[in-house]
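Notes follow once the structure below has been shown.
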Amino acid sequence: MSDTIFVTAELKMNADKPRQQVVEAIEQFCLDMQSEAGCLQASATYDSKDPQRVILWERYENRIAIEAHFAMPHTQAFIAAEMAELVQAFETQVQ
């Protein structure tokens with residue numbers, strides 16, 4: 001089994017904030033993630049049928065990289081800004 005971990009996270013945008021502001025914050029968050037050591041991919045996709053639904057696709061070298069991600073100042077700032085709430089997340093690996 002590969003150490004690489006894929007994360008799929010569903011977010012719900014905060015409807016009390018302007019949508020464009022939320023989208024910009026999510027896009028910046030993805031750029032910040034891409035600068036992390038051990039983060040191989042971070043991108044956001046948007047649901048055309050539900051304008052508040054966002055899916056983040058992330059790929060990390062290993063468990064250590066994921067744990068480091070949650071300790072990053074930009075991750076903590078994104079969570080604190082309450083731009084979106086986590087609905088669900090899945091971690092998968094290639095066998």
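Along the sequence shown, residues are numbered consecutively beginning with 1. None of the values given here were measured: they were computed from a predicted structure.
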Ignoring hydrogens and angles, state whether a donor on the side chain of Gln20 or Glu24 is under 3.5 Å from an acceptor on the partner side chain.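 The answer is yes; a qualifying pair exists.
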Between His74 and Glu36, do the side chains contain an N or O donor and an N or O acceptor separated by less than 3.5 Å?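 Yes, a side-chain donor-acceptor pair sits under 3.5 Å.
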Are Trp57 and Thr8 close enough that some pair of their side-chain heavy atoms sits under 4.5 Å apart?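 The answer is yes; the side chains approach within 4.5 Å.
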Heavy-atom side-chain proximity of Val94 to Thr4 below 4.5 angstrom: no
Approximate separation, where rounding is to 0.5 Å, of [X] [atom1] and [Y] [atom2]:
| X | Y | atom1 | atom2 | answer |
| --- | --- | --- | --- | --- |
| Lys12 | Arg53 | NZ | CZ | 12.0 Å |
| Arg59 | Met33 | CZ | CE | 13.5 Å |
| Gln93 | Arg63 | CD | CZ | 7.5 Å |
| Gln41 | Leu56 | CD | CG | 11.0 Å |
| Ser43 | Leu31 | OG | CG | 10.5 Å |

Decide whether Phe90 and Tyr60 are clustered together by the hydrophobic rule: side chain heavy atoms of Ile, Leu, Val, Met, Phe, Trp, Tyr closer than 4.5 Å, transitively. no
Spell out, yes or no, whether Phe70 and Val7 are grouped together once hydrophobic residues are joined by side-chain heavy atoms under 4.5 Å, including indirect joins.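 Yes, Phe70 connects to Val7 through the hydrophobic network.
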Under 3.5 Å, side chain of Glu61 to main-chain N/O of Cys39, donor-acceptor pair present? no
Using modelled atom types only, decide if a donor and an acceptor are shared between the side chain of Asn62 and the backbone of Asp3 within a distance under 3.5 Å.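 No.
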Taking all non-hydrogen atoms of both residues into account, name the closest pair between [X] and [Y] and its distance.
| X | Y | result |
| --- | --- | --- |
| Val22 | Met83 | CG1-O, 3.4 Å |
| Thr75 | His69 | OG1-O, 2.8 Å |
| Cys30 | Ala44 | SG-N, 3.8 Å |
| Ala65 | Ala37 | CB-O, 4.2 Å |

Surrounding NZ of Lys17 (heavy atoms of other residues, nucleotides or ligands, distance under 6.0 Å), is the total greater than 12? yes
Ile79 CD1: over 12 foreign heavy atoms closer than 6.0 Å: yes
Show your reasoning for whether side-chain contact (heavy atoms from CB on, under 4.5 Å) applies to Tyr46 and Met13. CA-CA 10 Å; Tyr46 301 87; Met13 292 185 192; 3.7 Å; yes
Run Leu86 and Leu11 through side-chain contact (heavy atoms from CB on, under 4.5 Å) and show every step you take. CA-CA 5 Å; Leu86 178 65; Leu11 305 179; 3.9 Å; yes
How are the rings of Phe78 and Phe29 set relative to one another: parallel (under 30°), tilted (30 to 60°) or perpendicular (over 60°)? parallel
